[in-house]
Chemist: 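One structure follows; several queries about it will come next.
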Amino acid sequence: MAYDPRPIEPAIYKRWLEAGIFQPTPAGGGEPYVIVIPPPNVTAELHVGHALNNVVQDVLVRFERMRGRAVEWLPGTDHAGIATQNVIEKQLAAEGKTRFDLGREAFVARVWQFVRATGNTILEQLKTIGCSCDWSRTRFTLDDAYSRSVREVFVRLWDEGLIYRGHRVIHWCPHCLTALSDEEAEHHETQGNLYHIRYPLEDSSAFVTVATTRPETMFGDIGLVFNPKDSRYAQLTGKRVRIPLTEIAIPIATDAAVEQGFGTGLLKVTPAHDANDFDIARRVWPNSEMPLIMTEDGRMGGRADGRIPTDLQGLDRFEARKKLVTQLETEGLLVKVEQHNHSVRRCYRCDTVVEPRLSDQWFVKMKPLAEPVLAAYRKGEYGFVPERWRATYENWMEGIRDWNISRQLWWGHRIPVFTCANGHQWADRKDPTSCPKCGATVEQDPDVLDTWFSSWLWPFATFGWPDKTPDLERFYPGHTLVTAPEILFFWVARMLMSGYHFMGQRPFRMVYLTGTVRDMKHRKMSKSLGNGIDPREVVKLYGADALRWTLIAGSSIGADVILDPNDLETTFAPGRNFANKLWNIGQFVLAQLSQRAATIDEVDRRTLTLADRWILSRAQAVIREATHSLSDFRLDEAAKRCFEFAWNELADWYIEAVKPRLDDPAAKAVLTYCFDLTLRLLQPVVPFITEELWQKLPGRKANELLAAAAWPAVRPELEDPRADQEFGRVKTAIEQVRSIRAEYRVPPKTKLKATIVPRGNDKAATFDGERDTIVRLAQLEALALNGGTQGVGAHAVFGDGSEVVVALEGLVDVNQECQRLTDEYQRLDKQLTSLGARLTNESFVARAPKDVVAKEREKEKAWREQRDVLAGKLKSLGCS
RNA sequence: GGGCGAAUAGCUCAGCGGUUCAGAGCGCCUGCCUUACACGCAGGAUGUCGGGGGUUCGAAUCCCUCUUCGCCCACCA
């Protein structure tokens, strides 16, 4: 019967919750280990990216919990201003309404209603994949307490002069109807056109030609500029042109920002719809008006209707472009259209092409915040895993730009700026009823804050800041932050800045940046592409452990994870197969343990067999290596190493070897120790099945949980290099027989006679001690341990020159055998030749490290011995 | 235009200066329902480690360069 995780996983999770082990032990009970979750959007549903990210956190947290740390993994959600508002507006649209029909208050109430009803979805989904968050401290970025922190931060920054009102061209999303920060307007390489358009000179019938990618903005032009060094246009200085299709005359001037080589070298200046043009206009025509020619939703018109031909008014900007180009062509004003690839910014929430738009917004001065944080980074106060993010991060921090934090939305933290009838303006921690200076009536700024202006406080606002709470005292600063590199600037960099600024120290020491989950074509998995993998489906089909296994063991540190959404079976088979293997190891081990076995400390060490000593020694190695890998964020390495131990060492060899000795208390003790150890080591990665099996081990106390059990420690007294080596020899002997059997097509049931001719004095004892193991696992009827009865057979020489002879009367063809052995001899001889060359190479002997040379010498000795035995064998068989 | 990363078996990846280092999982081939497991057991096959150059006693591993992919940043309209 195969393992079925479905009934087991939810029950196990429930037990963990009931035991309360996800909450940190009370103060004093262990050094804290803190991770704050990257709060998913309240409206989010779990996708495979979340799964990867959170499983990584869960592995770290479970590992540290077992190591005795007081783990605080703080969960929560983000109110996600734009995204959430969009969801509700879509709902309203389906009802034929807009938010303006409801009005602000009713709209916000409706969003709250939605959030209260569905906001826990993603957190519940995290539970199904085993996340061991401290649910007692779940936070939401719009909670009252959290809002208080946000407001406090705003007021403090205001008082420090770091918040200001800026009049400039910002990124505007005509669909979301709000301003965006630079980070929220994503670059997309786009195939566009460069339109060469004639602008008629005012005082003659001549034209000048201007190249632009956005002809529809021409109605907002306030002039043309060319580079002062551009002799082609020198005579144009001071002249005026008319905007095509209009009577509007605009001046021509020079500005050094114009590149002579681009387009025609003449640039149209549209200051209200291009940040670059805005800068030029301020230099060249500081007193000119800067007409906005589009409405907020991206149609031609608005305040400057008068500048736009009637038939274009009200048209969407892209339709207007099409129509305008046709008109220009008809009028003979279009010289040519060149294909032109350039980068277009799109809204990160709705993918609409962003419209640069002149407006008034609140900004945070970032340089003063960034500088100390960058300096701290360079001093090594915090770091990134993988380290290669350094350049990206430093580059962004060095070139940091002010942050537009106002959003023209209703869902979010209302900006706490108040203006009175007499023009006094201030930021306030409480809502004032009248102006403190003049008593006049006050109005609050209508906008809300950028969502990230609340999430950048997550590592301390969640613990009660600005109050000096015990939680804040205990859990700040945190340790590791695990997140996707996509939000390095949005979130991570800003948390570092707020952490240093408001708490005076780093919010975490290490930032682990996971890779991105992609499909087989290396495209990012996304809803819109329909190439995603639904973790819930995977859990349903194969269990959370299988999902976790594939995500953890299948991806190296910070590397992208490529999964096949069209073949879940193959994608998640490794995890499912492994869980099944563990399950069956469990079935076997548990069947031997009707009652509590003796511990390995209770058995007489002298009764341990070679196999026992070997597996105990291997166990120490896996503890050492897994612990090291996990401490080093090498989760994949740790997972795979434990897999190897469980499957290839414990199951394939030890369990097989121990079968006849199941009555032996020593065998039971060793088996129990190894199985228990395996479960402990694997608990962080596959917590459900390991917990389930661990519960079944005899002697378990009530309420004792693996998830809260101790991480295994290396026991040096059990390390046994000699047993490693000797049992290695036994394994090789068995493998040689099996290999010969397969080669000569001897059916598995046919028992064979074999002889082992050990090399060296103490070697015979090794084989003799495990004689029974060899006989059984190699399917022998008799095993001789001497040089005597060799007869007709197949031969293999291994390791230090010990040899195996399998009697194959009538099956072995001498020629075939000669061929086999000759091939083997030649292979060895070739290796020896190259090794010999190296060892006689003076520069190698002189320059290579001594231990390397010594190792090579030893190797040479062993190979030579092996070769000599082979040579003797060939001779005795009469091979040529 | 800058920066970063990847290119290793049919597929997804590990290895990142010492040569029993050419690996794992999945897939493939040959036997096996051997009483824990066919989601398994045993035995196999498969790679000029993207191309070229260099450094070194020694390179899949370091440097340069080219090619191909991916990502990030950027005010060529």
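Lettering follows sequence order; numbering is per chain, from 1.
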Chemist: Which nucleotide, in any strand shown, forms a Watson-Crick or G-U wobble pair with B/rU20, with both distances under 3.5 Å?
Modeler: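 Because no pair has both required distances under 3.5 Å, B/rU20 counts as unpaired.
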Chemist: Verify, without hydrogens or angle tests, whether A/T190 (side chain) and A/G192 (backbone) share a donor-acceptor contact under 3.5 angstrom.
Modeler: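 Absent.
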Chemist: Would A/L374 and A/I400 satisfy side-chain contact (heavy atoms from CB on, under 4.5 Å), going step by step from the backbone distance to the final call?
Modeler: CA-CA 11 Å; A/L374 188 53; A/I400 198 160; over 6 Å; no
Chemist: Where each residue is assigned the nucleotide of RNA chain B containing its nearest heavy atom, which of A/V561 and A/S843 is assigned the position nearer the 5′ end?
Modeler: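 Looking at the nearest nucleotide for each, A/V561 comes out on the 5' side.
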Chemist: Please figure out whether A/D560 or A/A579 has its closest RNA chain B nucleotide nearer the 5' end.
Modeler: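 It is A/D560 whose nearest nucleotide is closer to the 5' end.
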Chemist: Do any side-chain nitrogens or oxygens of A/K859 fall under 4.0 Å of OP1 or OP2 in B/rG18?
Modeler: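 No, outside the criterion.
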Chemist: Run the salt bridge (charged side-chain N to carboxylate O under 4.0 Å, His left out) test on A/R283 and A/D279 for me, step by step, so that the C-alpha distance in whole Å, both residues' side-chain angles and the decisive distance to 0.1 Å come before the verdict.
Modeler: CA-CA 6 Å; A/R283 284 195 294 269; A/D279 291 340; 5.7 Å; no
Chemist: Atom CG of A/L334 and atom OG1 of A/T209: how far apart are they, to the nearest 0.5 Å?
Modeler: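 OG1 of A/T209 is found 10.0 Å from CG of A/L334.
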Chemist: Return the nucleotide paired to B/rU35: Watson-Crick means purine N1 to pyrimidine N3 with N6-O4 or O6-N4, wobble means G-U with N1-O2 and O6-N3, both under 3.5 Å.
Modeler: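 Pairing partner, where one exists within any strand: none, as none qualifies.
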Chemist: Heavy atoms from C-beta onward define the side chain here; which of B/rG40, B/rG15, B/rA36 lies closest to that of A/E656?
Modeler: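 The nucleotide sitting nearest to the side chain is B/rA36.
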Chemist: Under 4.0 Å between a side-chain N/O of A/R388 and OP1 or OP2 of B/rA6, yes or no?
Modeler: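 No.
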Chemist: If B/rA42 has a Watson-Crick or G-U wobble mate with both distances under 3.5 Å, name it; if not, just say none.
Modeler: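 The answer is B/rU30, by the H-bond criterion.
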Chemist: Looking only at side-chain atoms of A/K659, point me to the closest of B/rA42, B/rA36, B/rC73.
Modeler: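 Among B/rA42, B/rA36, B/rC73, the one nearest the side chain of A/K659 is B/rA36.
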Chemist: Look through every strand shown and name the nucleotide pairing with B/rU48 as Watson-Crick or G-U wobble, where both distances are under 3.5 Å.
Modeler: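 Across all strands, not a single nucleotide pairs with B/rU48.
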Chemist: Going by purine N1 to pyrimidine N3 plus the second Watson-Crick contact, or the G-U wobble pair, all under 3.5 Å, which nucleotide sits opposite B/rC11?
Modeler: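 For B/rC11, the partner nucleotide comes out as B/rG25, under the 3.5 Å rule.
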